[in-house]
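Convention: sequence-line order gives letters A, B, ...; per-chain numbering from 1.
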There are 2 protein chains.
Amino acid sequence: MGTTKFEFYTEEQNELAVLAKAIGHPARIAIIEHLISVGSCVCGAIVNELSLAQPTVSQHLKELKNAGIIKGSLEGNAICYCLDEKGFAKLNAFFGEITTHFENKNNACC
Amino acid sequence: MGTTKFEFYTEEQNELAVLAKAIGHPARIAIIEHLISVGSCVCGAIVNELSLAQPTVSQHLKELKNAGIIKGSLEGNAICYCLDEKGFAKLNAFFGEITTHFENKNNACC
DNA sequence: AAAGTTTATCGTAATATTGCAATATTAATA
DNA sequence: TATTAATATTGCAATATTACGATAAACTTT
């Protein structure tokens with residue numbers, strides 16, 4: 001136990017869960033917000049933004065990258081990270097369904 | 001360690017993280033999708049939908065409820081769960097910012 | 001009241017996550 | 001080529017999550 005039973009779910013459900021889980025940490029929210037506000041890519045300046053040690057930030061970046069939330073490209077010495085539109089497109093599709101659900105007032109009994 | 005350092009982040013960042021984290025499990029995605037498709041509330045039928053034991057489902061429902069993703073009301077013997085618009089509103093606001101970010105083509109270097 | 005239904009809680013084992021110090025890696029620069 | 005700078009990886013301790021059997025709680029029906 002302690003392991004999520006991915007085999008019980010559809011590929012789409014697992015994919016959405018991985019994306020949402022990646023966003024589900026305040027440090028990673030902060031990283032995403034920073035990438036939004038800076039407008040374009042940023043390198044290790046993220047370490048200075050957060051009150052976390054460099055290896056910890058690196059690990060969070062890795063998780064965001066693996067999940068498809070950000071992407072990074074080498075810029076000489078530094079690495080340039082920015083948001084990955086694909087990952088957000090999938091999440092947006094999901095949230096779109098929920099918005100429709102509420103608009104249709106299908107949320108009957110509560 | 002092993003503990004998220006919530007004190008490093010804004011309340012909003014922590015709140016968004018909690019919401020996203022709650023969605024970040026395929027069983028909980030499946031529960032949300034079920035609540036969407038059934039149109040209105042559903043009780044313990046969720047247990048039959050998922051290949052998980054009843055206590056496990058109950059635990060997932062509790063997490064979704066604590067995070068503000070679903071809400072439940074007593075219906076005699078059964079409990080009626082449905083999506084909580086408030087939680088999704090907060091997430092939607094966040095995703096809205098990201099959509100704007102992409103529309104403005106601020107995603108410069110990647 | 002007894003029995004059945006439905007959902008929650010407790011306890012626990014297995015595994016995952018978080019965070020960091022130390023260290024490695026890679027590329028630029030002196 | 002040594003040195004510096006930027007980022008990644010490793011190893012580890014502390015804590016959290018996932019899942020489930022057993023059981024409890026609350027309400028319905030017989």
Nearest heavy atoms of B/E63 and B/R28, plus distance in Å: OE1-NH1, 3.1 Å
A/L50 CG to D/dT7 P, straight-line distance once rounded to whole Å: 13 Å
What is the separation between atom CD1 on A/I79 and atom C1' on C/dT25, rounded to the nearest whole Å? 11 Å
B/L61 CG - D/dA19 P separation (whole Å): 13 Å
Does B/E11 CD have over 12 foreign heavy atoms under 6.0 Å away? no
Sub-4.0 Å heavy-atom contacts from residues 9-28 of chain B onto DNA chain D, ordered by number: B/K21, B/H25, B/R28
Using whole Å, report how far CD of B/E7 lies from P of C/dG19. 9 Å
On a heavy-atom basis, the closest approach of B/L83 and A/H101 is CD1-CD2, 3.7 Å
Under the side-chain hydrogen bond (donor to acceptor under 3.5 Å, both in side chains) test, residues paired with A/Q13 that sit two or more places apart: A/T10, B/E33
A/K65: side chain to side chain contact (heavy atoms under 4.5 Å, CB included) partners, not counting sequence neighbours: A/I70, A/Y81
With sequence neighbours left out, write down each residue that passes side-chain hydrogen bond (donor to acceptor under 3.5 Å, both in side chains) with A/K62, or none if nothing qualifies. none
With the criterion being N/O to N/O and under 3.5 Å, what pairs connect the protein with nucleotides 24-30 of chain D, and how long is each?
none

Below the 4.0 Å mark, does D/dA8 have OP1 or OP2 next to a side-chain nitrogen or oxygen of A/Y81? yes
Checking A/L19 now: which residues fulfil side chain to side chain contact (heavy atoms under 4.5 Å, CB included) with it, not counting sequence neighbours? A/I69, A/K90, A/L91
B/N48 atom CG is separated from C/dT7 atom C1', nearest whole Å, by 13 Å
Whole angstroms only, please: what is the CD1-P distance between A/I46 and C/dG19? 15 Å
Distance in angstrom units between B/N66 CG and C/dA8 C1', rounded: 13 Å
Considering only residues two or more places apart or on different chains, which pairs with a residue in residues 44-56 of chain B satisfy salt bridge (Lys or Arg N to Asp or Glu O under 4.0 Å)? none
Within residues 51-60 of chain B, find the residues that approach DNA chain C with a heavy atom at under 4.0 Å, and present them sorted by residue number. B/Q54, B/P55, B/S58
Set of side chain to side chain contact (heavy atoms under 4.5 Å, CB included) partners for B/A53, sequence neighbours left out: B/P55, B/T56
Reading DNA chain D from 5' onward, which residue's closest nucleotide shows up sooner: A/F8 or A/K65? A/K65
Who passes ring pair (Phe, Tyr, Trp, His ring centres under 6.0 Å) against A/F94, sequence neighbours left out? none
Would one find a side-chain N or O of A/K62 under 4.0 angstrom from OP1 or OP2 of D/dT7? no
How would you list, by chain and number, every residue that makes a side chain to side chain contact (heavy atoms under 4.5 Å, CB included) with A/A27, sequence neighbours excluded? A/H25, A/L50, A/L52, A/H60, B/Y9
